[in-house]
Number of protein chains: 2
Amino acid sequence: MAVSSKCYYALRAIYALSEHASAEPLKIAEIAERQQIPVRFLEVILGQLKGGGFVRSRRGAEGGYTLARPPEQITIGEVMRYVDGPIAPVDCVSQSRPKECDFHGHCHFFGFWGRVRQAISDVVDRTTFADLMRENSLKHREYVGDWTI
Amino acid sequence: MAVSSKCYYALRAIYALSEHASAEPLKIAEIAERQQIPVRFLEVILGQLKGGGFVRSRRGAEGGYTLARPPEQITIGEVMRYVDGPIAPVDCVSQSRPKECDFHGHCHFFGFWGRVRQAISDVVDRTTFADLMRENSLKHREYVGDWTI
DNA sequence: CTCCATTTCGACCGTGAAAGTCAAGATGGG
DNA sequence: CCCATCTTGACTTTCACGGTCGAAATGGAG
């Protein structure tokens with residue numbers, strides 16, 4: 001029940017690009033430093049994310065990466081699925097590519113696994129990167145604190 | 001976000017023992033056949049489950065395994081945790097052994113991962129093997145069907 | 001046009017865990 | 001005593017994860 005570190009890196013990279021929110025692209029090295037990601041590995045990851053249509057790139061000097069869509073329109077779930085594959089505790093309850101198991105139809109755990117998958121989906125598919133940023137700005141305000149009357 | 005096949009085998013083995021519900025032990029070979037588990041591997045798994053206090057064994061001819069507690073008192077979650085380790089998308093939100101990440105305190109994803117973990121726990125810790133059996137007996141009745149007025 | 005910073009592409013690789021397998025011994029019933 | 005069964009622990013094999021690396025293509029600036 002764990003996400004791969006590659007997936008977590010991908011999410012953090014997209015978060016960094018969400019924060020940047022500018023027409024100017026952000027360089028790989030910059031993203032890597034802000035989010036503590038090994039540069040060479042990040043190259044691979046961003047290449048993959050580009051293939052998935054999440055980010056765009058500009059080459060050459062002053063090049064770098066930008067989001068392909070605004071943060072409000074990217075959910076955490078879709079990134080996770082793209083990088084790590086279907087979100088499901090076992091293959092037979094994957095919504096995209098369900099795989100028949102040995103107990104066709106009378107699997108004792110089918111309903112249960114389905115509920116687990118649904119519970120996860122309910123969280124990850126309803127959270128966008130914009131939500132995440134908002135949540136963090138609120139938290140920061142709380143932390144600085146004491147400015148309300 | 002997947003459970004290991006070892007863990008799934010463990011759950012199915014305990015389910016088989018729950019169905020058996022008798023003072024007479026169930027043999028490894030029997031469990032293996034009913035639940036489609038490689039016998040040699042099941043030996044390892046049952047040994048581990050015994051160490052966790054989930055099952056008891058009786059040696060010799062007419063030996064085998066029985067549940068150490070009634071099915072109402074074993075949740076799926078505790079078995080999963082015992083076999084696969086903490087249930088958490090990332091280590092920092094594990095409730096049993098949280099591991100500090102690089103962003104002590106200001107991790108942008110901390111709250112999010114926590115909600116994911118909670119969603120999973122809500123399902124797996126509230127479901128016992130007795131619940132699972134009841135669910136399946138209901139389903140079977142539905143399938144046979146047409147007996148209600 | 002040339003130089004340099006940057007992305008791009010594909011190959012490469014070491015480690016550790018997952019998923020089993022196996023042999024030999026201990027134990028208990030008949 | 002004999003046989004069926006659990007017990008223990010070592011062993012193996014395969015593969016995905018988590019990266020690295022080198023060289024080429026590209027675009028902006030001067």
Side-chain angles (χ1 to χ4, degrees), chain A residues 1-13 16-17 23-33 35-52 54-68 80 83-86 89-91 101-102, chain B residues 1-13 16-17 20 23-33 35-52 54-68 80 82-86 89-91 101-102:
Chain A
M1 307 302 285
V3 312
S4 68
S5 71
K6 181 180 187 180
C7 180
Y8 196 2
Y9 287 155
L11 294 173
R12 302 210 316 245
L17 292 172
E24 299 310 303
L26 206 52
K27 302 178 215 225
I28 290 188
E30 183 76 19
I31 301 174
E33 197 197 359
Q35 294 289 335
Q36 311 280 359
I37 306 172
V39 187
R40 293 308 258 219
F41 198 20
L42 181 56
E43 291 176 12
V44 175
I45 293 166
L46 284 170
Q48 192 174 340
L49 287 176
K50 186 186 178 183
F54 296 101
V55 301
R56 267 196 261 275
S57 67
R58 205 164 78 188
R59 286 189 169 198
E62 302 304 303
Y65 282 86
T66 41
L67 284 186
M80 288 176 64
V83 177
D84 267 0
V90 296
D91 289 341
C101 70
D102 307 340
Chain B
M1 309 299 285
V3 313
S4 68
S5 72
K6 181 181 187 179
C7 178
Y8 196 3
Y9 287 155
L11 294 173
R12 298 204 327 239
L17 291 172
H20 189 55
E24 300 308 304
L26 206 51
K27 301 176 213 219
I28 291 188
E30 183 78 19
I31 301 173
E33 197 197 359
Q35 294 289 336
Q36 310 280 359
I37 305 171
V39 187
R40 301 298 247 195
F41 198 19
L42 182 55
E43 290 176 11
V44 176
I45 293 165
L46 284 171
Q48 191 174 340
L49 288 176
K50 184 183 178 184
F54 296 100
V55 300
R56 267 196 260 275
S57 67
R58 204 163 76 188
R59 287 187 168 198
E62 302 303 301
Y65 282 86
T66 40
L67 284 185
M80 288 176 62
Y82 183 72
V83 176
D84 267 359
V90 297
D91 289 341
C101 71
D102 307 340

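Order of the sequence lines sets the chain letters (A, B, ...), proteins ahead of strands, with each chain counted from 1.
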For [X] and [N], give me the distance from atom [atom1] to atom [atom2], rounded to whole Å.
| X | N | atom1 | atom2 | value |
| --- | --- | --- | --- | --- |
| A:Lys27 | D:dG28 | NZ | P | 13 Å |
| B:Glu24 | D:dT5 | CD | P | 14 Å |
| A:Arg59 | D:dT26 | CZ | C1' | 5 Å |
| A:Tyr65 | C:dT7 | OH | P | 7 Å |
| B:Arg58 | D:dC6 | CZ | C1' | 12 Å |
| B:Ile37 | C:dA18 | CD1 | P | 17 Å |
| A:Ile28 | C:dT8 | CD1 | P | 7 Å |

Task: Angle by which the axis turns from one end of the helix from C:dC1-D:dG30 to C:dG30-D:dC1 to the other, five pairs per end, to 10 degrees - done: 10°

Open item on the list: Can you confirm whether A:Glu33 is buried at CD, in the sense that more than 12 heavy atoms of other residues, nucleotides or ligands lie under 6.0 Å from that atom?
Closed with: no

Open item on the list: Is it the case that over 12 heavy atoms from other parts of the model lie below 6.0 angstrom from the CD atom of A:Gln36?
Closed with: yes

Search all heavy atoms of [X] against all heavy atoms of [Y] and return the closest pair with its distance.
| X | Y | answer |
| --- | --- | --- |
| A:Val39 | A:Ala32 | CG2-CB, 3.9 Å |
| B:Ile31 | B:Ala16 | CG2-CB, 4.2 Å |
| A:Pro25 | A:Glu62 | CG-O, 3.6 Å |
| A:Tyr65 | A:Ser57 | CE2-CB, 3.5 Å |
| B:Gly52 | B:Tyr82 | N-OH, 3.1 Å |
| B:Val83 | B:Ala10 | CG2-CB, 4.0 Å |

Open item on the list: Counting only heavy atoms and a strict 4.0 angstrom limit, can you tell me which residues of residues 39-51 of chain A come near DNA chain D?
Closed with: A:Arg40, A:Phe41, A:Val44

TODO: Could you list by number each residue of residues 3-13 of chain A showing a heavy-atom separation from DNA chain D of less than 4.0 Å, or answer none if no residue does?
DONE: A:Ser4, A:Ser5, A:Lys6, A:Tyr9

[atom1] of [X] to [atom2] of [Y]: how many Å apart, nearest 0.5 Å?
| X | Y | atom1 | atom2 | value |
| --- | --- | --- | --- | --- |
| B:Thr66 | B:His20 | OG1 | NE2 | 8.5 Å |
| B:Leu17 | B:Leu26 | CG | CG | 5.5 Å |
| A:Gln48 | A:Phe54 | CD | CZ | 9.5 Å |

Open item on the list: Less than 4.0 angstrom between a side-chain N/O of B:Ser57 and OP1 or OP2 of D:dT7, yes or no?
Closed with: yes

TODO: Using heavy atoms to find the nearest nucleotide of DNA chain C for A:Glu62 and B:Glu62 separately, return the residue whose nucleotide is more 5′.
DONE: A:Glu62

